Q: 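Mind having a look at this structure? Questions to follow.
This is a predicted model, so every value here is computed, not measured.
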Amino acid sequence: MTPTRDSRRWWRYLGGLTAPALLWVLLIYLLVDTFRNRLQGDEKFDEAALREWIEESRPFRETLPELIRTYLKSADPDNPEPAPLEQQTEAIQAQLQSLCDPTKEYQQQLPLFPAIYRLQLDFPGSTLASIVWESNIPRPQNTGQVQRLHYAILGPNGSRALLRVEYQLHAYNKRQRNEQAATMRLRWVTGFALAATALTFWWISLVQRRERERDRQRLLTQEQINQSRQLLLEGELRRQEIERRHEEAERELLEQRLATQAAESQTLELKSQLYASIGIMAGSYAHNIKNLLVRPNDLLRRCLESDGLSPDQDDMLRQVRQTLGTVTERLQQILHTVRRDPSRSELTPVDLNSLIREIARTWEDLAREKWKLTLTTELHSEPLWIAGDLSHLQQAVENLLFNARDATFEMRNHLREEARKKVASGQWPVANEETMRGQWSGANDGKQALISAAGWKGAVIMRTRQAGDFAVLEVWDNGIGMNEEVRRRCTETHFSTKRDNAIYEGNTTGMGLGLSFVVVILGHHKARLEIQSQPLQGALFRASFPLLTNPSPM
């Protein structure tokens, strides 16, 4: 249940009165405690005086404690010289009787007149009978005026004899002093009570003034709170609007992330398909070609074993057999490569210059005679050692070479098509070195233009160099080039612009696997690929490999 405003105010009033009320109670407690201690001190003083009188009085030769010790010693059964107990009992009773009308003078005090009504001496833990003395003095009707004293008369450790005393002390001015003390106490208590009451009323007035001031401050605060709430409400509305926009932005971002994840999943799937496609396709082709080479090798062996061959014929046949051996060896490497996951490459120190030199020596004759292009190399002056899988690197570099070959073929087709269009439209070609790469002679007839287009030569340059801690391989061609979209997507799996114009039927050209395979291989070699190209201005593929500082066998 929520407290009301009035109840809260009353609770504050009570809280304000707590401090003076506690102060008032504390003052009364201190006064009462002081007077009580004083009374108790007077009472203890009287008891001490009475005990001193009983123990130190010598009506005869010995004090009462000495008589009691003698009596207990005589009553001890182990005492070799026992004494008659009756005589000692009479001596103790006489000692007690002599205390009937005592008068004790204390230093700097008036004489006290104790009235003793009963004295009883007990011997706990023994068979001795108690010794009792009864006074003939009449007792007061008010039993509360009779005081009692019970203590071990032989000392704190002497529990064998206990004395019980019933008495009353008298002094001729004691009542007068008690009345004066009571009057003084009443005055002090009244004065302190009045002072505490005045302090309480002053505190109450102070609390009331503070409450009124608090009410005024509360009203001002409430007004400020209302204004603040209005501002907070406006700010909350603005915040909700901002949150709504933020949620919309997050939702759009989430959609983009989901789309990105879907694209990544598709990319992974395409890579898996790439591995499978490459493996199946290359394995099938290599196996079929290897089987087809069995017969030519057998025929060559028979021809070389036969007689009647001229030296030139024998030399040419041996070159053919050597070439077929190289093809068989390369097919064996291909089969070994496609049966192994590219992510599990067998890394060994590889000299990039030697790799490029061997690839150029393998393909330069075919490039010159069949592909109609010049294949040249520009190698670094010193060996460039990298960590790589030789078989995978051979396949990757040859894919770059085949991509450059197809680009030059497309450039030649483009030049022929342009010449045919101009001949058909009646426009004679003129000298255009940028378009015809310096091969058009500005002939006056369309026939000569077509001949010049057909005679255009492609060029591919493979160069190596060192750039800091990297070995750089560049493959440049003067082929058809690429626009920005094709350049950006050319490494995607199954993306190709050559599906309808593959050079050799049955080859992988146009399936969109070559450059994507190159990217995968370079990725496993911690290399990066850069592509620069413009339409009709050729292309440059640059691969950067980390250099080996210690080219020892891995």
Q: For the side chain of Gln466 and the backbone of Gly468, is there at least one donor-acceptor N/O pair under 3.5 Å apart?
A: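 Indeed, once roles are kept as given, a pair shorter than 3.5 Å links the two residues.
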Q: Shortest non-hydrogen contact from Phe123 to Leu128?
A: CD1-CB, 3.9 Å
Q: Would you say the side-chain atoms of His525 pair up with the backbone N or O of Asp389, donor to acceptor, closer than 3.5 Å?
A: yes
Q: Is there side-chain contact between Leu384 and Phe545, with heavy atoms separated by less than 4.5 Å?
A: no
Q: Whether Arg487 and Glu484 form a salt bridge (side-chain N of Lys/Arg under 4.0 Å from carboxylate O of Asp/Glu) is what I want to check.
A: yes
Q: Can you run down the salt bridge (Lys or Arg N to Asp or Glu O under 4.0 Å) pairs that involve residues 120-130, sequence neighbours left out, and say none if there aren't any?
A: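 The answer is Asp122-Arg164.
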Q: If we only count heavy atoms from C-beta on, is the Ile521 to Phe517 side-chain gap below 4.5 Å?
A: yes
Q: Counting neighbours of NE2 on His246 that are heavy atoms of other residues, nucleotides or ligands and sit closer than 6.0 Å, is the number greater than 12?
A: no
Q: Taking the side chain as every heavy atom from C-beta outward, state whether Ser205 and Arg209 have any pair of such atoms under 4.5 Å apart.
A: yes
Q: Using side-chain heavy atoms (C-beta onward) and a distance below 4.5 Å, is Leu515 in contact with Phe541?
A: yes
Q: With no hydrogens and no angle check, is any side-chain donor or acceptor of Ser533 less than 3.5 Å from a backbone partner on Met482?
A: yes
Q: With a 4.0 Å cut-off, would you call Arg214 and Glu211 a salt bridge?
A: yes
Q: Are any of the side-chain nitrogens in Arg218 or Asp215 under 4.0 Å away from the carboxylate oxygens of its partner?
A: yes
Q: Kindly check if the number of other-residue, nucleotide or ligand heavy atoms within 6.0 Å of CD (Glu382) is above 12?
A: no
Q: Grab the two heavy atoms, one from Leu162 and one from Pro124, that are nearest each other, plus how far apart they are.
A: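 Minimum heavy-atom contact is CD1-CG, 3.9 Å.
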Q: Is Asn226 atom CG crowded by more than 12 heavy atoms from other residues, nucleotides or ligands, each under 6.0 Å away?
A: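 Atom CG in Asn226 is packed in, count exceeds 12.
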Q: Is any side-chain heavy atom of Gln222 less than 4.5 Å from a side-chain heavy atom of Leu219?
A: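 The answer is no, as the side chains (C-beta and beyond) never meet within the 4.5 Å cut-off.
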Q: Please lay out, stage by stage, how Gln217 and Glu213 fare under the test side-chain hydrogen bond (donor to acceptor under 3.5 Å, both in side chains).
A: CA-CA 6 Å; Gln217 293 293 336; Glu213 181 65 22; 3.3 Å; yes
Q: Do Glu241 and Arg244 sit within salt-bridge range, that is, some charged N less than 4.0 Å from a carboxylate O?
A: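 Yes, charged N to carboxylate O under 4.0 Å.
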Q: Is there side-chain contact between Leu393 and Ile386, with heavy atoms separated by less than 4.5 Å?
A: yes
Q: Who are the side chain to side chain donor-acceptor pair (under 3.5 Å) partners of Ser544, not counting sequence neighbours?
A: none
Q: What pair of heavy atoms forms the shortest contact from Val472 to Ala467, and how long is it?
A: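 Minimum heavy-atom separation between Val472 and Ala467: CG2-CB, 3.8 Å.
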Q: How about Arg528 and Leu522: do any of their side-chain heavy atoms sit closer than 4.5 Å?
A: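 Arg528 does not reach Leu522 side chain to side chain.
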Q: Thinking salt bridges, do Arg251 and Glu247 make one under a 4.0 Å N-O criterion?
A: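 Result for this pair is no, no salt bridge flagged.
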